[in-house]
Amino acid sequence: MLSIRDLHLQVPAMLAPMAGVSDLPFRLMARKLGCPMAFAEMISAHALCLGSGRTNRFLESSSADRPLGIQLLGREPEYLRQAMDLIEPGSCDVIDLNAACPVRKVTRKGEGAALLKEPRLLSKLVALLKARASVPVTVKIRSGWDPSSVNAREIGKRVADAGADAVCVHGRTRSQGYGGRVDLGVIRSVKEAVSIPVIASGDLFSAKAVDKTLRETGCDGVAIARGALGNPWIFREIAAVYGKRPSPPRPNIEQLKEVMEEHLRLSVERRGEILGVIDFRKFFIWYTKGLQNARILRPRAVRVNTPHEMRRLIDELGMPLSSGPHPSASQGSPYDPRQGWLALSKSGWPY
Ligand SMILES: Cc1cc2nc3c(=O)[nH]c(=O)nc-3n(C[C@H](O)[C@H](O)[C@H](O)COP(=O)(O)O)c2cc1C
């Protein structure tokens, strides 16, 4: 069990915050398939204070969407203070501060992973959030800024001293981005240094990888990110491991289509026909990884504009190329850049 103050999760896993991905429809699908807790998309405290409509949308939730974590990005105490006032009491179960985002647009403002270089400011921000929040406050960090400044252990201690209720460590440096392998040793060093719960993040593409990470780091829980893209079933597989049940079978093609259709329906319901379909296009790419005729259908999927056309494409999907775990499960390192999310980055992907 993972306990963050009075928040208790029987299965020690959660859906990690993913900008541009962990929207309400995706969270609801993940929860349906066993995800015990989810983070919404990262929210810029500044944008929230400016009343940006797009940012306000990131706060959308529903009663089925709990427990929910909201992650704030920022470095200005005043904006963070105001952002906390704008988040309705009772609307989330955890507030997280982002000290992990590697994107240049963010770090050049001194936000995200840049906070790893300013431990004092980071502590101050954690204390500020703690003073305002009625729910647990957590911090997401990376192993360090670059290989010559790996400081997750020191940062972990700092944020724990400042009152953080848990820390989530992505075991890569900022300069690594999402490449290379996650460093479990650094995550373990944080776990050994603090008495608050530590959540591990990085390269969690299967229930087996989750088990290995928890064993090797001694961490209290894990945050699943790319491992859930096109594979929300990963959560029921993790739940089976912790419930000491046999691993559930991989979804067959009909079950996959059902989940895709429901995801599309939720997306259209939330965002309307045009934006709902546009939002769903990237999920189509992920869900269809490893399917026989995906190569032919994917270029069509990124041009589809109506729910009807998208449903027809889903209908046309063929059998998986091979049985067994989802293709992402076999990868120790990031997605295949020719097929996965990296390919989408050229078209305005946030990460
Ligand atoms: C598309 C995408 C968006 C992400 N957005 C965020 C974010 O907004 N906040 C955050 O803390 N981490 C973000 N991350 C990082 C993930 O939460 C996670 O720490 C990282 O992907 C490592 O886990 P993985 O190797 O299992 O994917 C993002 C990752 C991806 C792939």
Side-chain angles (χ1 to χ4, degrees), residues 15-28 37-115 118 121-122 124-140 164 168 266-283 344-345 347-351:
L15 178 67
M18 279 185 280
V21 176
S22 44
D23 56 10
L24 180 57
F26 182 50
R27 299 198 299 271
L28 291 176
M37 169 175 173
F39 270 90
E41 297 174 73
M42 162 180 97
I43 294 177
S44 153
H46 187 198
L48 195 62
C49 297
L50 293 177
S52 142
R54 183 164 181 263
T55 301
N56 281 326
R57 192 165 52 74
F58 297 155
L59 289 172
E60 271 177 19
S61 182
S62 73
S63 55
D65 186 36
R66 303 297 286 267
L68 175 70
I70 288 183
Q71 184 184 62
L72 290 175
L73 178 77
R75 64 172 280 118
E76 298 297 335
E78 191 44 40
Y79 290 139
L80 283 164
R81 208 172 280 128
Q82 281 183 39
M84 288 299 289
D85 290 343
L86 291 167
I87 297 171
E88 262 180 50
S91 63
C92 69
D93 304 276
V94 166
I95 291 285
D96 183 76
L97 178 63
N98 183 319
C101 179
V103 175
R104 197 179 298 277
K105 196 170 80 181
V106 166
T107 56
R108 71 164 177 245
K109 287 192 258 171
E111 298 179 341
L115 289 174
E118 292 184 88
L121 173 62
L122 182 56
K124 188 175 156 189
L125 300 179
V126 172
L128 179 158
L129 294 179
K130 275 295 287 182
R132 302 238 145 193
S134 56
V135 293
V137 170
T138 62
V139 186
K140 174 109 180 284
C168 176
L266 288 172
S267 199
V268 169
E269 199 176 282
R270 294 272 151 199
R271 299 271 283 143
E273 296 213 338
I274 295 173
L275 293 177
V277 168
I278 292 174
D279 279 358
F280 184 76
R281 288 173 180 167
K282 58 183 177 285
F283 291 101
L344 294 175
S345 64
S347 54
W349 196 243
Y351 264 70

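Using cut-offs of 30° and 60° on the angle between ring planes, the pair F283 and F26 is tilted.
With rounding to the nearest 0.5 angstrom, the CG atom of L24 is 7.5 Å from the CG atom of L266. Separating the CG atom in D279 from the CZ atom in R271 is a distance of 4.5 Å, to the nearest 0.5 Å. Between the OG1 atom in T107 and the CG atom in L115 there is a gap of 10.5 Å [rounded to 0.5 Å]. To the nearest 0.5 Å, the span separating CG on L80 from CG on L73 amounts to 8.5 Å.
S267 and G276 make their closest contact through OG-O, 3.0 Å (heavy atoms, listed as atom of the first residue, atom of the second, distance). The two atoms that bring C92 and I87 nearest to each other are SG-CG2, 4.5 Å, heavy atoms only. The minimum heavy-atom distance linking S22 with R27 is given by the pair O-NH1, 2.8 Å. Listed here is the closest heavy atom pair of S61 and R270: O-NH1, 4.4 Å. F39 and A16 make their closest contact through CB-C, 4.0 Å (heavy atoms, listed as atom of the first residue, atom of the second, distance). Q82 and C49 make their closest contact through CB-SG, 3.5 Å (heavy atoms, listed as atom of the first residue, atom of the second, distance).
Between L59 and L48 the shortest side-chain heavy-atom distance falls below 4.5 Å. Residues T55 and L50 form no side-chain contact, since every pair of their non-hydrogen atoms from C-beta on lies 4.5 Å or further apart. Put simply, the side chain of M84 reaches to within 4.5 Å of the side chain of L72, judged on heavy atoms. Inter-residue side-chain proximity for E41 and D23 is flagged as met; some heavy-atom pair is nearer than 4.5 Å. Residues S62 and L28 are in side-chain contact: their nearest non-hydrogen atoms beyond the backbone lie under 4.5 Å apart. T138 places none of its side-chain heavy atoms less than 4.5 Å from the side chain of Q71. Between L125 and P77, the closest side-chain pair of non-hydrogen atoms falls below 4.5 Å. Taking 4.5 Å as the limit, some side-chain heavy atom of V94 sits within range of a side-chain heavy atom of M37.
Remark: side-chain polar atoms of R75 are paired, donor with acceptor, to backbone N or O of G110 under 3.5 angstrom. The closest donor-acceptor contact from the side chain of D93 to the backbone of L68 lies under 3.5 Å.
Environment of CG in L86: crowded, with over 12 heavy atoms of neighbouring residues, nucleotides or ligands closer than 6.0 Å. Residue K130 places its NZ atom among more than 12 non-hydrogen atoms of other residues, nucleotides or ligands, all under 6.0 Å distant. The neighbour count for R66 CZ, taken as heavy atoms of other residues, nucleotides or ligands under 6.0 Å away, is above 12. No more than 12 heavy atoms of other residues, nucleotides or ligands shown are found within 6.0 angstrom of CD on E273. No more than 12 heavy atoms of other residues, nucleotides or ligands sit less than 6.0 Å from atom OH of Y79.
Between E78 and R81 a salt bridge is recorded (basic side-chain N to carboxylate O distance below 4.0 Å). Taking 4.0 Å as the cut-off between side-chain N and carboxylate O, K140 and D96 do not count as a salt-bridged pair.
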**OP:** Could you give me the CA-CA distance, side-chain angles and deciding distance for L97 and V137, then say whether side-chain contact (heavy atoms from CB on, under 4.5 Å) is met?
**Re:** CA-CA 8 Å; L97 178 63; V137 170; 5.7 Å; no
